[in-house]
Amino acid sequence: QIMALLTLLLFGFVASSSAYNNGLARKPPMGFNTWNHWHGSVSSSVLIDVATAFKELGLDASGYRYINTDDGWLNKTRDSNGRQIPGPNFPGGIPHVSQALTELGFGFGIYSAAGLTTCMSRAGTLYHETIDAQAYADWNVSYLKYDDCGEVNFNSYAKFSVMRDAINATGHSMVFSYEPHVPVTIAWPQYVGNSWRTGGDIGSSFSALLREMESVNQWGYATGPGAWGDADMLEVGNPGLSLAEQRSHFALWAAVKSPLLIGNYSTKLGLPCFASAIQRCDDNFCLTGANITEQSTEALAILNNTEIIAINQDALGIQAVKVFAYGHADDVTERDHPLRWAAKANQKHLDNQRTSTSPVPLDANMPFTSCQYTSIDSTQKWTLDRTRLRNGQQCLARVQGDVVVTSDCSDQSSEWLMEGLNQRVTQLRAIDDSGTCLALYSTKVSLEPCKQEPAVCNTTRCANSVLVNQLFYLSNMTDQLISTFTNHSVSPLDNLLSSTSLLVAPCNASDEYQQWGWMGHTLANKGDGRCLTQGLGFEDCSSSSTNWTLASAPGYQLKPEAASDMCVDIYNFTGPGVQLFKCKAPNSGYRGSQNEQFVYDNSTGLMRTNEDESCCGIRSPLCLAQLPTPVPQMVNIPQCLATQPSPAPAQPKIPDLIDSSLPLQVYKGPLANDNFVVIYFNTGSHTTNMSATWSQLGLKADQGYLVRDLYLKQDLGVYGS
């Protein structure tokens with residue numbers, strides 16, 4: 001059904017080299033990550049067994065060199081020295097695992113998150129960057145996956161720069177892979193780490209693969225040696241993908257220069273077993289010796305295809321992008337409908353982005369301005385002089401209730417309590433009134449009563465922080481004082497997963513757009529009186545496309561009558577995006593079907609998530625809503641303290657829009673030695689021949705090209721003149 005043909009042709013191109021350079025990841029990292037199969041149920045034996053299997057299968061010889069644990073390796077609390085504590089599945093501690101993997105010839109990769117907790121509500125690294133980075137260095141960690149699960153309203157440039165600087169300060173090099181949680185094109189990702197996630201979490205489904213491709217396609221401007229857009233871990237070898245889809249998946253990931261991190265069952269490993277999703281959150285883990293899964297010969301051949309790996313590891317380091325698409329938009333299977341909605345939504349999102357990248361101008365008298373990322377001039381460079389922030393002869397001070405940059409650094413008004421300012425994000429407290437803090441808002445800088453994080457956020461995942469306006473970081477690498485707040489907001493791609501007006505939001509019984517009337521088989525929204533369609537849009541309630549069923553799950557799964565195997569699904573468990581997705585059994589894998597369970601409240605008309613969830617950091621119920629319920633916004637243009645305003649950095653040029661609903665898609669990317677790669681990708685429901693003209697590929701028709709099929713590993717001949 002889905003075919004990918006890779007060809008190498010002659011082509012010339014010039015590479016870009018402006019990126020974070022710690023000497024590592026000059027080519028996209030390759031290895032293994034536990035999440036796609038084991039989720040949070042990892043152990044030292046799993047990691048060592050995976051490494052042993054990799055050597056037996058020849059995967060190490062193909063270039064896979066990192067064996068990485070994801071979330072679940074650590075406890076919820078820290079030890080008496082403030083360090084993260086491995087869970088009971090690591091009886092020898094982390095040094096034992098790291099040494100064992102090193103002796104097998106692999107680098108050991110670890111996981112943490114830029115929040116008070118990780119995604120599984122374990123001890124996160126926020127405010128502990130220095131001590132955690134040193135622990136990872138002491139443990140000889142080679143790779144850090146740094147997630148963004150809690151306090152996601154912090155500006156990503158600020159919170160991830162803290163960890164970058166903490167790692168650099170240890171003197172121990174490790175690949176720094178981070179998740180900015182702002183999957184839109186921004187001007188700075190290549191300056192912060194070796195790789196960054198470009199979209200949401202992947203899944204072992206065709207629609208999930210193409211959703212991630214839609215996201216990563218926009219990031220080619222930033223990729224290059226030392227810095228790569230990460231389309232998430234590989235699903236090759238996992239259930240849910242046909243052989244052709246797995247081949248397409250691997251080819252596309254290789255061509256866009258995504259890190260290649262295997263995430264399948266691997267081989268000769270016992271499989272984790274769980275009685276329920278909640279068990280998985282409680283660290284229960286078992287290996288069943290009888291359940292031995294051998295990796296398929298076909299999947300192994302895909303992962304060990306050195307010719308395709310060579311595309312990913314090409315010295316030029318330039319990402320392939322989609323150059324055109326054609327065919328009929330309705331030439332898709334029923335199961336692909338969520339993909340088409342996502343594609344249309346992504347296009348709408350990009351249209352909006354093209355017209356909304358200019359930041360809201362700050363007041364010229366404000367001491368904060370847009371951060372510079374390269375060639376940072378003296379106006380944004382600050383030093384910590386005991387209790388003062390100094391820029392030459394100027395200091396940050398409080399003058400008659402205002403916050404200004406002044407040349408008078410002699411009195412108490414320019415003194416602040418700012419413990420740890422160059423080690424973590426922290427508050428700037430007035431030295432003569434420690435209960436008063438500096439705060440940055442969209443149009444003003446002010447002094448206000450100091451806030452503190454709720455205690456519950458130390459043990460349970462909190463999506464947002466109440467301190468977002470009051471935290472700052474003085475970077476040891478750039479000498480910039482960066483705020484965790486920014487004055488320009490854009491919606492993340494997750495919010496626009498479907499092109500419809502349906503989303504989830506914090507429940508509000510007085511909001512008419514969250515009030516629903518259940519009328520037999522239809523769900524009418526009080527906001528405008530129309531009914532929810534099976535395409536997740538809204539139409540007149542007489543339409544047959546508005547028929548739904550509620551199936552007990554133990555909450556209720558909302559299913560289209562015409563497709564009983566599909567369910568309304570909250571994207572990434574936290575929303576606000578909503579999609580149709582293949583229904584999951586209540587206890588199937590991590591979190592089970594929790595993001596598909598709803599309860600209809602007759603008294604309020606709310607269709608809310610099941611409140612019985614006691615796992616995985618899901619705290620308060622969300623409710624189905626129709627826009628114009630406000631969508632939570634994310635921020636992306638960082639603000640820095642400066643002696644004078646700076647213009648906003650130029651926004652990156654993103655590729656021309658290609659209609660993603662068209663099924664026949666063509667990608668092209670330059671390679672070293674004047675070669676290039678072309679991918680013909682049929683996402684439709686019928687086998688078909690695909691073609692492209694020389695001009696569509698940007699090539700000269702009067703030149704000859706040697707074409708090679710990288711799956712067949714055969715030269716197809718010379719084409720052209």
Side-chain angles (χ1 to χ4, degrees), residues 82 114-116 124-131 150-151 153-155 157-159 161-162 165-166 362-363 365-369 371 380-391 393-458 462 464-476 478-487 638-643:
L116 285 167
T125 291
L126 183 64
Y127 309 129
H128 297 85
E129 289 87 354
T130 298
I131 193 170
E151 292 70 43
N153 57 337
F154 283 175
N155 173 258
Y157 182 69
K159 70 192 300 189
S161 293
V162 180
D165 295 354
L362 286 166
D363 188 316
N365 296 319
M366 288 178 63
F368 282 84
T369 189
C371 296
Q380 293 193 15
K381 289 182 176 288
W382 297 84
T383 58
L384 189 59
D385 182 9
R386 299 178 61 184
T387 57
R388 290 180 171 87
L389 275 168
R390 185 181 291 273
N391 180 298
Q393 300 302 311
Q394 301 185 86
C395 290
L396 182 70
R398 308 173 300 284
V399 177
Q400 297 180 345
D402 293 329
V403 181
V404 298
V405 172
T406 177
S407 59
D408 185 3
C409 299
S410 60
D411 64 17
Q412 197 177 59
S413 68
S414 63
E415 293 188 87
W416 304 84
L417 298 173
M418 41 193 175
E419 182 181 359
L421 182 63
N422 59 349
Q423 297 180 341
R424 60 179 181 271
V425 293
T426 193
Q427 292 165 309
L428 273 64
R429 298 172 179 264
I431 201 165
D432 54 353
D433 181 4
S434 62
T436 297
C437 283
L438 176 69
L440 174 62
Y441 288 87
S442 59
T443 58
K444 66 177 182 177
V445 177
S446 63
L447 296 169
E448 65 181 22
C450 298
K451 302 175 184 177
Q452 63 181 15
E453 298 280 16
V456 67
C457 294
N458 291 313
C462 292
N464 295 312
S465 171
V466 299
L467 299 182
V468 63
N469 305 96
Q470 292 188 1
L471 293 176
F472 304 87
Y473 171 62
L474 181 62
S475 171
N476 290 320
T478 67
D479 297 324
Q480 293 169 298
L481 184 81
I482 312 166
S483 170
T484 58
F485 177 78
T486 63
N487 72 330
Q639 299 297 311
C640 286
L641 181 65
T643 58

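Below, each value reflects all heavy atoms present in this structure, side chains not excepted, and no hydrogens, waters or symmetry copies.
- Residues Met418 and Leu474 form no side-chain contact, since every pair of their non-hydrogen atoms from C-beta on lies 4.5 Å or further apart.
- Judged as a salt bridge (Lys or Arg N to Asp or Glu O under 4.0 Å), and not counting sequence neighbours, the contacts of Asp432 are Arg398.
- Neither side chain, Glu151 nor Ser465, offers a donor N or O lying under 3.5 Å from an acceptor on the other.
- Note that CG of Leu428 is 11.0 Å distant from OG1 of Thr387, once rounded to the nearest 0.5 Å.
- Here the CG-CG distance, from Leu481 to Leu384, works out to 9.5 Å after rounding to the nearest 0.5 Å.
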Checking Leu126 against Val425 for the side chain to side chain contact (heavy atoms under 4.5 Å, CB included) test, could you report, in this order, the C-alpha distance in whole Å, the side-chain angles of both residues, the deciding distance, and whether it holds? CA-CA 8 Å; Leu126 183 64; Val425 293; 4.0 Å; yes
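- Counting all heavy atoms, side chain and backbone alike, Gly150 lies closest to Lys159 at O-NZ, 3.3 Å.
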Full working for side chain to side chain contact (heavy atoms under 4.5 Å, CB included) between Val466 and Glu453: CA-CA 6 Å; Val466 299; Glu453 298 280 16; 4.1 Å; yes
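- Proximity of Gln380 to Thr369: side-chain heavy atoms (C-beta onward) are separated by under 4.5 Å at one or more points.
- Taking 4.5 Å as the limit, some side-chain heavy atom of Arg424 sits within range of a side-chain heavy atom of Glu419.
- Here the rule is ring pair (Phe, Tyr, Trp, His ring centres under 6.0 Å) with Phe472, and of Phe368, Trp382, Trp416 only Phe368 fits it.
- Minimum interatomic distance between Cys457 and Leu116 (heavy atoms only, all atoms of both residues): O-CB, 3.2 Å.
- Shortest non-hydrogen contact noted between Leu417 and Ser434 is CD1-CB, 3.8 Å.
- Smallest separation of non-hydrogen atoms from Phe485 and Val468: CB-O, 3.4 Å.
- Judged as a salt bridge (Lys or Arg N to Asp or Glu O under 4.0 Å), not a single pair has a partner in residues 400-411 (not counting sequence neighbours).
- The two residues Thr436 and Leu447 have their closest heavy-atom pair at CG2-CB, 3.7 Å.
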For the pair Leu467 and Thr484, evaluate side chain to side chain contact (heavy atoms under 4.5 Å, CB included) and give the outcome as yes or no after the intermediate values. CA-CA 9 Å; Leu467 299 182; Thr484 58; over 6 Å; no
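- The backbone N or O of Asn422 sits less than 3.5 Å from a side-chain atom of Asn476, completing a donor-acceptor pair.
- Between the CG atom in Leu389 and the OG atom in Ser414 there is a gap of 10.0 Å [rounded to 0.5 Å].
- In this structure, Gln470 contributes its side chain and Pro449 its backbone to a donor-acceptor pair below 3.5 Å.
- Side-chain contact between Leu641 and Leu396: present, with at least one pair of heavy atoms (C-beta onward) separated by less than 4.5 Å.
- Remark: the backbone N or O of Arg390 is paired with a side-chain donor or acceptor of Thr383 at under 3.5 angstrom.
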Cys437 vs Lys451, test: side chain to side chain contact (heavy atoms under 4.5 Å, CB included). Steps then yes/no. CA-CA 8 Å; Cys437 283; Lys451 302 175 184 177; over 6 Å; no
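- Gln480 and Cys640 get closest at one heavy-atom pair: NE2-SG, 3.8 Å.
- Asp165 pairs by the side chain to side chain contact (heavy atoms under 4.5 Å, CB included) definition with Tyr473, Ser475, Met477, not counting sequence neighbours.
- Of the possible polar contacts, none joining the Arg388 side chain to the Cys395 backbone as a donor-acceptor pair under 3.5 Å is found.
- Of the possible polar contacts, none joining the Glu415 side chain to the Ser413 backbone as a donor-acceptor pair under 3.5 Å is found.
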